[in-house]
**Student:** 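Just passing along the structure, written as structure tokens.
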Amino acid sequence: MATGCEDILEIAGQKIRSRLFVGTGKYAGSQQMKEALEISGAQVVTVAVRRVNISDRSRESLLDAIDLEKYILLPNTAGCYTAEDAIRYARLAREAGLSDWVKLEVIGDEKTLYPDNEALLQATKVLVKEGFIVLPYTNDDPVMARKLEDLGVAAVMPLGAPIGSGLGIQNPNNIRIIKEMARVPVIVDAGVGTASDATVAMELGCDAVLMNTGIAGAQDPIRMAEAMGLAVRAGRLAYLAGRIPKKSYATASSPAEGMVAR
Amino acid sequence: MATGCEDILEIAGQKIRSRLFVGTGKYAGSQQMKEALEISGAQVVTVAVRRVNISDRSRESLLDAIDLEKYILLPNTAGCYTAEDAIRYARLAREAGLSDWVKLEVIGDEKTLYPDNEALLQATKVLVKEGFIVLPYTNDDPVMARKLEDLGVAAVMPLGAPIGSGLGIQNPNNIRIIKEMARVPVIVDAGVGTASDATVAMELGCDAVLMNTGIAGAQDPIRMAEAMGLAVRAGRLAYLAGRIPKKSYATASSPAEGMVAR
Amino acid sequence: MATGCEDILEIAGQKIRSRLFVGTGKYAGSQQMKEALEISGAQVVTVAVRRVNISDRSRESLLDAIDLEKYILLPNTAGCYTAEDAIRYARLAREAGLSDWVKLEVIGDEKTLYPDNEALLQATKVLVKEGFIVLPYTNDDPVMARKLEDLGVAAVMPLGAPIGSGLGIQNPNNIRIIKEMARVPVIVDAGVGTASDATVAMELGCDAVLMNTGIAGAQDPIRMAEAMGLAVRAGRLAYLAGRIPKKSYATASSPAEGMVAR
Amino acid sequence: MATGCEDILEIAGQKIRSRLFVGTGKYAGSQQMKEALEISGAQVVTVAVRRVNISDRSRESLLDAIDLEKYILLPNTAGCYTAEDAIRYARLAREAGLSDWVKLEVIGDEKTLYPDNEALLQATKVLVKEGFIVLPYTNDDPVMARKLEDLGVAAVMPLGAPIGSGLGIQNPNNIRIIKEMARVPVIVDAGVGTASDATVAMELGCDAVLMNTGIAGAQDPIRMAEAMGLAVRAGRLAYLAGRIPKKSYATASSPAEGMVAR
Amino acid sequence: MEVTINGEPKSVPDSVRIAELIDFLELKKERVAVELNCFIVARKTWEDISLKPGDKLEIIHFVGGG
Amino acid sequence: MEVTINGEPKSVPDSVRIAELIDFLELKKERVAVELNCFIVARKTWEDISLKPGDKLEIIHFVGGG
Amino acid sequence: MEVTINGEPKSVPDSVRIAELIDFLELKKERVAVELNCFIVARKTWEDISLKPGDKLEIIHFVGGG
Amino acid sequence: MEVTINGEPKSVPDSVRIAELIDFLELKKERVAVELNCFIVARKTWEDISLKPGDKLEIIHFVGGG
């Protein structure tokens, strides 16, 4: 039996099996998305809130492809540039999804898609008061993380790098500090480009990793989804196992004594 | 069913299930070692050649702890500083192990335990002629790798960093170049300190990773062994999946169209 | 005559000779500080605002050691944790220094000394209205940088790493983005540990670098001050010169033709 | 007067003013080269050995552009793939240059231009016996460096990255180890792409840096030459000055006491 | 009568109730949320509320996103 | 009379003017700034303003900082 | 008689065969290799070769290593 | 007579001395080195050595390199 299985993530009282959270955007089709979700082992999946296409009913709804018994939906407020918009989308999401969870994004800039932290704090205040389980997408600023915590978020989700950039964790020191200071789970959100990026995030002590483009944009999304599932588990176990210290020089792994006579 | 399972490593005609090779040194005891080997999923395990302790027969032999049906023994020539010594140990290993495989080490310096490449080439020449399956421990020099190939080694094993240093792959560019030029399997040997180091090695396209201290020296070797097994699979799958390109700026993962009216 | 000498930095209409800004804290004595300032070539020097020691008049004042004909004083609001405090210190500094320049710091956390960006924006609003030349110490968030610009700061001063940490630029991608988006000078403030850190900051395109501990805390502050002066010039020139692109493989620097006959 | 001026490099009894060594290849013309050499401050300049063009006498000779009173010529054996060729070029160079110095290159691979270390050792043995001052271009292998030292080279010149790649020091740990073990000067040769790369090399404790493409290939070679001259001095001084230790968290540079009353 | 749904003019039965409208548009009730003139309409009230000419509706659902 | 300067009780001449106080404390006028009961006192008014018992003053100058 | 095994002097039965020696030392045949005076002794010849006084033997096996 | 210089056939005066050849080719003596049939010819012997038909010469100098 594998070790570390008793190591369960809990957010706002909800036990979560997998420390990999995945998005549902940018897949070639819903069949591909379903397979990717399945093999990734993820339980929490993010979705966006958009208008129904009333002129063309043909298009199947995303939710037909997602087994709600198996997955926890985490609606986002992607595309919102003001606190008002983000609050409006969060409320629509709650109405449509019958769940209080929201990945709160208030974007501050089109090129980086970095958050507008001022507006994020305003929106967080309102939504927490309305009983939402708020998981805010923020930058890697420990001061922001603490302010969000003080407002009552369920977790903080610092970015590792710009959304979809695939640059990996640009500032591991900040992520580590955020985790050391945090009293709520820390989820690295955005920037993961390949498996080792996810492993590094977990080795820093983070509680989970959220990604979308890193999987959906890979040449073979299914394989990458499997890779990410393994990578997150590997990073978590390595963190729990306690790595060896780094040294500039070598230490033999075979015994020095017992050599035959020269 | 997991993807990538049809992706089998073959060395000298031997099919190998797991791309993680592990050492057997430095464990607290053989029970701990057995569990670590088991959970790591490794099939190839390295061993050292040393004198039998004839005054104290009590000590159980390593091989009592290793199921030879399950594992492929890879004897090393650790501790040898000359071609002559390395050849002598390889021959003893063959005699004791009834196998032709050898992890050929000729150490050139005590502080770094880096190879003496001149002596390594000499020893390789002799042992290949004697029918050994030679897997040489070398540095990350593409020219050396090609010379070893030309001498008929079964694989090249460039170091990622000094043995036991835990520094991870110090020169990814060299490892990538070695792999691009190689016509035999490339196995990163030495330097892995944590799971992400192993994942990175595999993402560079390497065929396998060999480690000992990274697992045996961890605070919880069993958990780290599991982490390394997952990390190697994650890295391999990510390499096969084809990662997204890196970009300095962001790309949205949620659709831009379909926003509600302001 | 050296090239690049016509490359002058200008902040709020003030032409500034040197792109190295230095602090005056933590020196062994004012003689050491004077020599360090002198050899660094810096023109802008930061100072802190503190109570006069009225019980012990013996201590010479800092300003006795700084030739105000030669140096531009940049008072800071170090130690302030609220907008109110920072505003109060800025006003005191103006009254004492007869200058409108202020390095505006509003600290958000004791362990990282990272800024409280919300409070920083409030203080900036007030001080700009009062006619201060505000140079805010902020984190490496491009969104914050733009908000500060929109409030009318004279320059933005993103941190490279925690004050006094010596970690160097932790997130070069963010610093580059801030510079690409900025319409005012960008000065990397905090985190420089050694000369190459300063060179890297300038190679990213930044307009200047501000440091204190990296010089005053070195074993030989005078030598490090000289090193930093050279490093900043080197980085600036390299940026202007336009570096060669990076390649994984080699290109000969000696001609291929004209070899003698084999 | 600048500090560190008494810090003179000496190779084979020859005192050398500047720790920046530069190549003479790939310039737009000899006027540009002259200016670059001049502003770089370099004293040692490398040249290649090639056939005279007897059909077209128009072409001015390189040496017409280099004041031999001011510069120390370091002929290389670039383009040689065997010990024999390298020895032959070294002898021709001595005959043409009336100097015993040679930058010994024996290339092992066309794509990386990495050295053939076996052949390099052979050529070194012969040339040292013939009284040459041998400065061998080698890879970043501490074992090779020691073997070359034992053969009597005047300095070792490990590569930082492939020639002309501009990747900078790929394995700082190896370079540091080589320097710690070396009893002759260590000169980083090849791989420098921008000023900070040169600074880093010197901060590792190296005695000098040799580059060509990094300067000649820049968009503005003259400016980059000046940058490199400053960068090498900055790195050297920073090394001598003794940098501050790295810390994950902050330390204030302004005093904690003396704050006014709240 | 004419109303605006998701930014497009649309003819719908006079004083149609929202619940009816959802059927009329062949949408899955349990998958959508409705805003009427910028206020969210709680699902449980869809039976009661009927539209007036010129009403502005937003009908949203979940799509793939990160 | 008693006032508080930089947090410390201090006896100063009755209704001393700030300009006089600075001399009394042997401070360099052009190097310091003064807060009286939390309000900055412009240098040019130092001649005019005299202290009352219990006044709280902060007198600051520049020190080394980063 | 006296021989040297793994660097230690050892008394063994006169002209003992290597196969017998392995039993005498209670070692597992299939786990060890033997050098006699610096030459490897093939396992299949252990029955035939007997030791002489002063012979130097190295008997090795596998131990944990990386 | 015909010799080969730097790989190219070349007509030169019969039994021309190397020193003369360098002048003939308008090269700067102090900047070049000469190989005759794969052996370096020391500068001080250029006056004495004269070429034979079919001789192979390499004449090199320094060019820009790294």
Side-chain angles (χ1 to χ4, degrees), chain C residues 2-4 23 25-26 39 48 50-51 76 78-79 88 111-113 162-167 193-196 199-200 203 212-214 216-220 222-224 226-227 230-231 233-235 237-238 240-256 258-260, chain D residues 2-4 23 25-26 39 48 50-51 76 78-79 88 111-113 162-167 193-196 199-200 203 212-214 216-220 222-224 226-227 230-231 233-235 237-238 240-256 258-260:
Chain C
T3 56
K26 304 173 105 177
I39 203 164
R50 293 293 183 266
R51 281 172 164 172
N76 68 32
R88 182 180 179 193
K111 285 172 73 180
T112 58
L113 296 180
I163 292 170
S165 68
L167 291 175
T194 184
S196 52
T199 309
V200 166
E203 287 172 341
N212 186 342
T213 308
Q219 287 166 45
D220 181 344
I222 311 302
R223 258 196 176 135
M224 189 58 89
E226 182 180 10
L230 297 169
R233 287 172 55 203
L237 284 166
L240 296 172
R243 62 158 292 154
I244 56 172
K246 295 183 178 186
K247 306 166 35 274
S248 290
Y249 287 92
T251 330
S253 46
S254 301
M259 303 293 287
V260 301
Chain D
T3 55
K26 303 175 104 179
I39 202 164
R50 293 293 183 267
R51 281 173 165 172
N76 68 32
R88 182 181 179 192
K111 285 171 74 179
T112 59
L113 297 180
I163 293 171
S165 69
L167 291 175
T194 183
S196 52
T199 309
V200 166
E203 287 172 340
N212 186 339
T213 307
Q219 287 166 46
D220 180 343
I222 311 302
R223 259 195 176 139
M224 189 58 89
E226 183 180 8
L230 297 169
R233 287 171 56 202
L237 284 167
L240 296 172
R243 62 157 293 156
I244 56 172
K246 294 184 179 188
K247 308 169 26 280
S248 289
Y249 286 91
T251 332
S253 45
S254 302
M259 303 292 287
V260 299

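No hydrogens, no waters, no symmetry mates; every other heavy atom, side chains included, goes into these values. Quantities reported herein were computed from a predicted structural model and do not represent experimental measurements. Protein chains get the first letters and strands the later ones, always in sequence-line order, with residue 1 at the start of each.
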**Student:** Let's test your reading of the structure: which of Gly166(C), Pro162(C), Ala231(C), Gly258(C) forms the most heavy-atom pairs below 4.5 Å with chain D?
**Tutor:** Gly258(C)

**Student:** For Pro255(D), is it the side chain, the backbone, both or neither that has a heavy atom under 4.5 Å from a heavy atom of chain C?
**Tutor:** both

**Student:** Report the option among Arg243(C), Gln219(C), Lys246(C) that has the most heavy-atom pairs separated by less than 4.5 Å from atoms of chain D.
**Tutor:** Arg243(C)

**Student:** If you count heavy-atom pairs under 4.5 Å with chain C, which of Gly25(D), Ala238(D), Pro245(D) comes out on top?
**Tutor:** Ala238(D)

**Student:** Atom OG of Ser254(D) and atom CG of Leu113(C): how far apart are they, to the nearest 0.5 Å?
**Tutor:** 9.5 Å

**Student:** Can you confirm whether Lys111(D) is buried at NZ, in the sense that more than 12 heavy atoms of other residues, nucleotides or ligands lie under 6.0 Å from that atom?
**Tutor:** yes

**Student:** Based on non-hydrogen pairs under 4.5 Å, which of Ala48(C), Gly235(C), Ala252(C), Gly23(C) is most in contact with chain D?
**Tutor:** Ala252(C)

**Student:** Can you tell me how far CE of Met259(D) sits from CZ of Arg50(C), rounded to the nearest 0.5 angstrom?
**Tutor:** 4.5 Å

**Student:** Can you tell me how far the CD1 atom of Ile244(D) sits from the NZ atom of Lys26(C), to the nearest 0.5 Å?
**Tutor:** 7.5 Å

**Student:** Which of the residues Ser253(D), Ala195(D), Ala216(D) is involved in the greatest number of heavy-atom pairs with chain C at under 4.5 angstrom?
**Tutor:** Ser253(D)

**Student:** Listed by chain and number, what are the salt bridge (charged side-chain N to carboxylate O under 4.0 Å, His left out) partners of Arg88(D), not counting sequence neighbours?
**Tutor:** Glu35(H)

**Student:** What residue, out of Gly217(D), Ser248(D), Gly193(D), has the most heavy-atom pairs lying under 4.5 Å from chain C?
**Tutor:** Gly193(D)

**Student:** Check whether Glu203(D) reaches the backbone of Ser196(C) with its side chain - one donor and one acceptor, N or O, closer than 3.5 Å.
**Tutor:** yes

**Student:** Who wins among Ala241(C), Ala234(C), Ala256(C) for the most heavy-atom pairs under 4.5 Å with chain D?
**Tutor:** Ala241(C)

**Student:** Just how far is it from atom OG1 of Thr213(C) to atom NZ of Lys247(D), taken to the nearest 0.5 Å?
**Tutor:** 8.0 Å

**Student:** If you tally heavy-atom pairs under 4.5 Å against chain C, which of Gly79(D), Gly164(D), Ala227(D), Ala218(D) wins?
**Tutor:** Ala227(D)

